[in-house]
Amino acid sequence: MAHEIFGERFFGKQRQPAWHGLGKVMDVPVTAIQAFEDMGAYNIHAEKLYRANGLPVQGQAIVREVTAKGEAEAVIGIVGPDFMPIGPRVTCEVYDKTVAKPVETIGCLRDGETIFVSTKLPSIDVKGDEVAMYLLLVNPMGGGASVQIRTTPQRVVCQNTLVVAQSMSTQCYKVRHDINALGNMAEWLTSVMTVAENQTAMIKEALEILADCQVSQETAKAVILDAYPEPRTPRNTAPKEVMVKRLEHREYLAEHKAVARENVLALFNGLGTGMDRPEAKGTGYGLFNAVCEYEDCAWSKNPITALESSVFGARADVKVAAFDSLIAIARK
């Protein structure tokens with residue numbers, strides 16, 4: 001299933017269903033553990049690995065156990081011997097104890113491999129445009145990635161996620177699944193909450209600086225090029241057949257970025273959501289939102305992967321590049 005929600009395990013604190021149409025809508029405040037229990041609790045554990053001849057292997061299988069809903073046991077990852085999985089229930093318990101606020105959304109993905117939880121933080125008013133702040137925790141329990149804790153804003157007028165520079169609201173803390181994981185998770189959740197609350201005024205100031213900055217077409221194109229630069233030409237250091245493949249990939253990336261630049265400029269010039277508002281029309285704030293809207297809404301074969309990339313990965317990096325370019329121009 002493209003949405004990859006595990007067994008409709010999704011809660012959203014909204015009065016309208018989520019985009020994937022699954023799970024439940026909450027009308028009353030609930031804790032992470034309450035929502036987890038209600039949508040279908042499950043456990044994971046690590047098992048030793050053995051060869052066919054019975055000899056042990058230096059590794060572990062992370063197994064999602066049989067659930068009360070009758071879902072069969074499943075291997076959700078293969079990890080090293082030092083990996084100590086932080087299960088979904090413990091994740092919710094630590095989140096509730098540390099954050100001590102109702103959850104905004106909570107869900108489980110990929111056969112139970114990942115759990116995510118978010119909580120709403122104080123909103124920011126950018127010259128009449130509301131930007132809501134959220135604390136987000138994502139725990140991939142099958143290995144290959146750390147627990148990530150991040151704050152991210154969302155523009156209410158169009159519901160696209162904004163990432164406001166790595167030194168500000170895109171704080172990102174990563175917690176390895178090891179013997180210190182639970183303590184680090186609790187400590188960094190507390191730290192993220194404290195920093196987010198202290199930086200609200202700073203983020204508001206930065207976004208208002210962008211809203212006061214008029215952006216010409218020439219400047220807009222330069223900023224967009226900073227966000228979507230031309231890919232480098234590969235060095236001729238491999239056999240001919242390999243170089244052909246590298247050059248073909250370079251051309252593919254160049255075409256992809258050219259399409260992105262064209263679409264972002266079109267969004268900025270009026271096609272983007274809310275671009276007719278005075279704080280967005282022809283301003284750095286509007287251009288930043290155009291980049292965010294494109295990165296959050298551009299087509300993808302896998303919406304969940306695209307969402308993760310929008311907050312933690314390559315799509316988020318594009319937003320950061322656009323923000324850094326714009327704020328440098330606005331502060332000249």
Side-chain angles (χ1 to χ4, degrees), residues 121 123-134 150-172 195-196 199-231 253 256-298 306 309-332:
L121 301 173
S123 298
I124 299 171
D125 181 271
V126 182
K127 296 184 178 295
D129 193 9
E130 183 184 354
V131 177
M133 299 290 294
Y134 296 91
R150 188 185 288 269
T151 53
T152 181
Q154 187 177 73
R155 189 172 174 231
V156 173
V157 69
C158 61
Q159 297 297 301
N160 65 292
T161 302
L162 304 180
V163 177
V164 185
Q166 302 212 6
S167 62
M168 297 175 66
S169 72
T170 57
Q171 313 168 70
C172 182
V195 172
Q199 287 189 336
T200 297
M202 188 186 304
I203 297 168
K204 175 181 171 66
E205 179 187 4
L207 294 178
E208 287 186 339
I209 287 173
L210 295 187
D212 287 334
C213 177
Q214 293 297 310
V215 175
S216 67
Q217 288 294 295
E218 182 180 354
T219 300
K221 290 177 182 178
V223 169
I224 294 170
L225 185 59
D226 285 341
Y228 302 94
E230 286 291 330
L253 291 178
H256 177 78
K257 291 193 175 188
V259 170
R261 289 194 293 267
E262 181 180 343
N263 286 332
V264 169
L265 187 61
L267 290 171
F268 174 61
N269 285 332
L271 293 182
T273 308
M275 288 300 163
D276 57 340
R277 296 174 64 97
E279 66 276 5
K281 188 174 182 180
T283 70
Y285 182 65
L287 180 53
F288 178 56
N289 277 286
V291 173
C292 293
E293 184 169 352
Y294 181 75
E295 288 303 315
D296 293 339
C297 301
S309 177
S310 180
V311 180
F312 297 112
R315 294 184 183 227
D317 292 341
V318 171
K319 301 175 196 177
V320 171
F323 179 85
D324 288 345
S325 180
L326 280 164
I327 204 69
I329 292 169
R331 283 176 168 163
K332 285 183 178 178

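What's counted below: heavy atoms across the whole structure, side chains too, no hydrogens, waters or symmetry copies.
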Next on the checklist: Please check if the number of heavy atoms outside Glu262 that lie under 6.0 Å from its CD is greater than 12.
Outcome noted: no

Checklist entry - Once you round to the nearest 0.5 Å, how far does CD of Gln214 lie from CG of Asp212? => result 8.5 Å

Next on the checklist: Nearest 0.5 angstrom please: Lys319 NZ to Asn289 CG, how far?
Outcome noted: 10.5 Å

Item to check | Least distance between heavy atoms, Leu287 atom then Ala220 atom | outcome: CD2-CA, 3.7 Å

Checklist entry - Is there side-chain contact between Val223 and Phe268, with heavy atoms separated by less than 4.5 Å? => result no

Checklist entry - Considering all heavy atoms of both residues, which atom of Ala322 and which atom of Ala227 are nearest to each other, and what is their separation? => result CB-CB, 4.1 Å

Next on the checklist: Checking the side chain of Thr219 only, and the main-chain atoms of Val215 only, is there a donor and an acceptor separated by less than 3.5 Å?
Outcome noted: no

Item to check | Glu293 side chain to Thr273 backbone, donor-acceptor under 3.5 Å | outcome: yes

Item to check | Residue pair Leu225, Arg261: steps toward the side chain to side chain contact (heavy atoms under 4.5 Å, CB included) verdict | outcome: CA-CA 7 Å; Leu225 185 59; Arg261 289 194 293 267; 3.9 Å; yes

Next on the checklist: Can you give me the closest heavy-atom contact between Pro229 and Lys257, atom names plus distance?
Outcome noted: O-CD, 2.8 Å

Next on the checklist: To the nearest 0.5 Å, what is the distance between CD1 on Ile124 and CG on Leu207?
Outcome noted: 6.0 Å

Checklist entry - Is there side-chain contact between Ile327 and Phe288, with at least one heavy-atom pair below 4.5 Å? => result no

Item to check | Spacing of SG belonging to Cys292 relative to CZ belonging to Phe323, to within rounding of 0.5 Å | outcome: 10.0 Å

Checklist entry - What's the spacing between Thr283 OG1 and Arg277 CZ if we round to 0.5 Å? => result 11.5 Å

Checklist entry - If you round to the nearest 0.5 Å, how far is OG of Ser216 from NZ of Lys221? => result 9.5 Å

Checklist outcome for this item: Tightest non-hydrogen contact, residues Leu326 and Gly284, listed as CD1-O, 3.4 Å

Item to check | Worked check of side chain to side chain contact (heavy atoms under 4.5 Å, CB included) between Ile224 and Tyr294 | outcome: CA-CA 12 Å; Ile224 294 170; Tyr294 181 75; over 6 Å; no

Checklist entry - Would a distance-only check, ignoring hydrogens and angles, find a side-chain to backbone donor-acceptor pair under 3.5 Å from Lys281 to Gly286? => result no

Next on the checklist: Minimum heavy-atom separation for Ile209 and Arg331, please, with both atom names.
Outcome noted: CD1-NE, 3.8 Å

Checklist entry - Is atom NZ of Lys127 surrounded by more than 12 heavy atoms (other residues, nucleotides or ligands) closer than 6.0 Å? => result yes

